[in-house]
There are 2 protein chains.
Amino acid sequence: MKRRDFGQYCGLARALELVGERWALLIVRDLTIRPRRYTDLQAGLPGIPTNVLATRLKELEQAGVVERRVAPAPQRGVVYALTPVGQELEPALLALGRWGAAQLGDPQPGDHVSAEGVTLNLRAAFRPAEAEGVTASFEIHARDIVLHAVLTDGKLESGVGPAPGKPDLTITAQIADDELASYRAIIRAAKCGLVDLAGRRELLETFLKVFTPARPAS
Amino acid sequence: MKRRDFGQYCGLARALELVGERWALLIVRDLTIRPRRYTDLQAGLPGIPTNVLATRLKELEQAGVVERRVAPAPQRGVVYALTPVGQELEPALLALGRWGAAQLGDPQPGDHVSAEGVTLNLRAAFRPAEAEGVTASFEIHARDIVLHAVLTDGKLESGVGPAPGKPDLTITAQIADDELASYRAIIRAAKCGLVDLAGRRELLETFLKVFTPARPAS
DNA sequence: CTGCATCCACTTTGATACTG
DNA sequence: CAGTATCAAAGTGGATGCAG
């Protein structure tokens, strides 16, 4: 059942042994946003075979990255969440995501976007230096995706779904019917003014400064 | 020949499609230190099947991460090196390596350490905040491994082999015969004073401050 | 309906041998 | 030195089954 390890006493090799297998880091990505049920994970990872998902969850649990919780009274069921060790993967996830985002070409037909993916890309694009001292809350809508980003004195809290309170600015990206509601598409729309704004419209400029990725990748 | 992609338009998914396959990031790690020949890579990656190495190198070249150079006159042969795109993977490698280093237990019998692995771990353990303004050069010896770390006004240059000039401090870790010359073992030896020092001995303290990983992992 | 387990065709990996 | 060839074993993707 255990895949052979790399035989190297090295941090990178260890990391790859623990979370380097196919689909593993995408599962961790989805759990980074919030705990999820088995079926939520399946829905967010289109194409993952159910047995692979089950296997990965067991391996990640074994590795101490993921925790399996049996939800009690309210809505019984199984919930998967990151352990503290798993949460510490986020810097690595963001670094990899940043690099990968720069290598993204155009979306392939059939490509999928999830709110989790968009949120990760937003976090990866976050520039603390530009956000210094900024306090503002944003809610972003793109087709059926909704996420929020709350800046409190330069600190970012972000996640899927509407903002906790009333957002200072709500950005609704105009996404064509044949276009993916990807992070890139949202930023592109915002840059071109193809957005509906509600609230303090002047904050759009701030949003773009704080959340625009380094290189729009050509 | 192409492995199915993840069907997500997301930076992380893209990164995993490009460098997420088995052995790929370890190959990139070795090339991060310096360009290498096919047989060097084989030697540094104990256990990698030769056909897998050949396949990965082709895929990484295809992905624009690795460049295959046919060395000209001096010592003819093939050399693999990272492209600029590949070099930009280093932050992600360090982040993953840092996380993995925190999850390292004790070395398993049969584990291997390479100078490249130790160098990566040293880079991952580097704390710019502690190095602020520091200028000093170190050469580290542990059994048959030699590497150097040169700080110039807080900026780090490091690699395998002896330091470019005469190092300010040469640290020779006393590693038991049955112990791996891993980064962890080197730091442990340095902390316990089990080192031979040559040069400005008082710099050992600086070295430890600048290069000690956050959590020795219990 | 959720949360998997099983089965099977197919692909990738690992180990070894061999070649220009 | 720099790979290619071959083949068994393991892993993956897809479909389906099934208990709570």
At under 4.0 Å, does any side-chain N or O of [X] touch on OP1 or OP2 of [N]?
| X | N | value |
| --- | --- | --- |
| A/Y38 | C/dA5 | no |
| B/K58 | D/dT4 | yes |
| B/W23 | C/dT12 | no |
| A/Y80 | C/dT2 | no |

Flag side-chain contact, heavy atom, 4.5 Å: A/V146 against A/V160: no

Can you measure [X] atom [atom1] to [N] atom [atom2] for me and round it to whole angstrom units?
| X | N | atom1 | atom2 | value |
| --- | --- | --- | --- | --- |
| A/L26 | D/dG13 | CG | C1' | 16 Å |
| A/D40 | C/dC4 | CG | P | 13 Å |
| B/E59 | C/dT11 | CD | C1' | 13 Å |
| B/R36 | D/dC1 | CZ | C1' | 15 Å |
| B/L57 | C/dT13 | CG | P | 13 Å |
| B/D5 | C/dT11 | CG | P | 16 Å |
| B/F6 | D/dT12 | CZ | C1' | 11 Å |
| A/R22 | C/dC10 | CZ | C1' | 14 Å |

Would you kindly check if the NZ (Lys) or CZ (Arg) of B/R22 is within the cone defined by 45 degrees around the ring axis of A/F6 and under 6.0 Å from the six-membered ring centre? yes

Under the 3.5 angstrom rule, does the side chain of [X] hit a backbone N or O of [Y] as a donor-acceptor pair?
| X | Y | answer |
| --- | --- | --- |
| B/H148 | B/P162 | yes |
| B/T83 | B/G64 | yes |
| B/R98 | B/A124 | yes |
| B/R68 | B/V78 | no |
| B/W99 | A/V85 | yes |
| B/R123 | B/L94 | no |
| B/Y38 | B/G77 | no |

Produce a footprint string for nucleotides 15-20 of chain C: one letter per nucleotide, 5' end first; B if the base is under 4.0 Å from any protein heavy atom, S if only the sugar-phosphate is, - if neither. BBB---

Could you check which of [options] has an atom nearest any side-chain atom of [X]?
| X | options | value |
| --- | --- | --- |
| B/R37 | C/dT12, D/dG3, D/dA2 | D/dA2 |
| B/R68 | C/dT12, D/dA2, D/dG13 | D/dA2 |
| A/T39 | D/dT12, C/dG3, D/dC1 | C/dG3 |

End-to-end axis angle, where each axis spans five pairs of the helix from C/dC1-D/dG20 to C/dG20-D/dC1, to 10°: 30°

Side-chain polar contacts of residues 171-183 of chain A - donor-acceptor pairs under 3.5 angstrom, sequence neighbours left out - could you list them?
from: A/Q174; atom 1: NE2; to: A/D196; atom 2: OD1; distance (Å): 3.1
from: A/E179; atom 1: OE1; to: A/A176; atom 2: N; distance (Å): 3.4
from: A/E179; atom 1: OE2; to: A/R188; atom 2: NH1; distance (Å): 3.0
from: A/S182; atom 1: OG; to: A/A185; atom 2: N; distance (Å): 3.1
from: A/Y183; atom 1: OH; to: A/F211; atom 2: O; distance (Å): 2.3

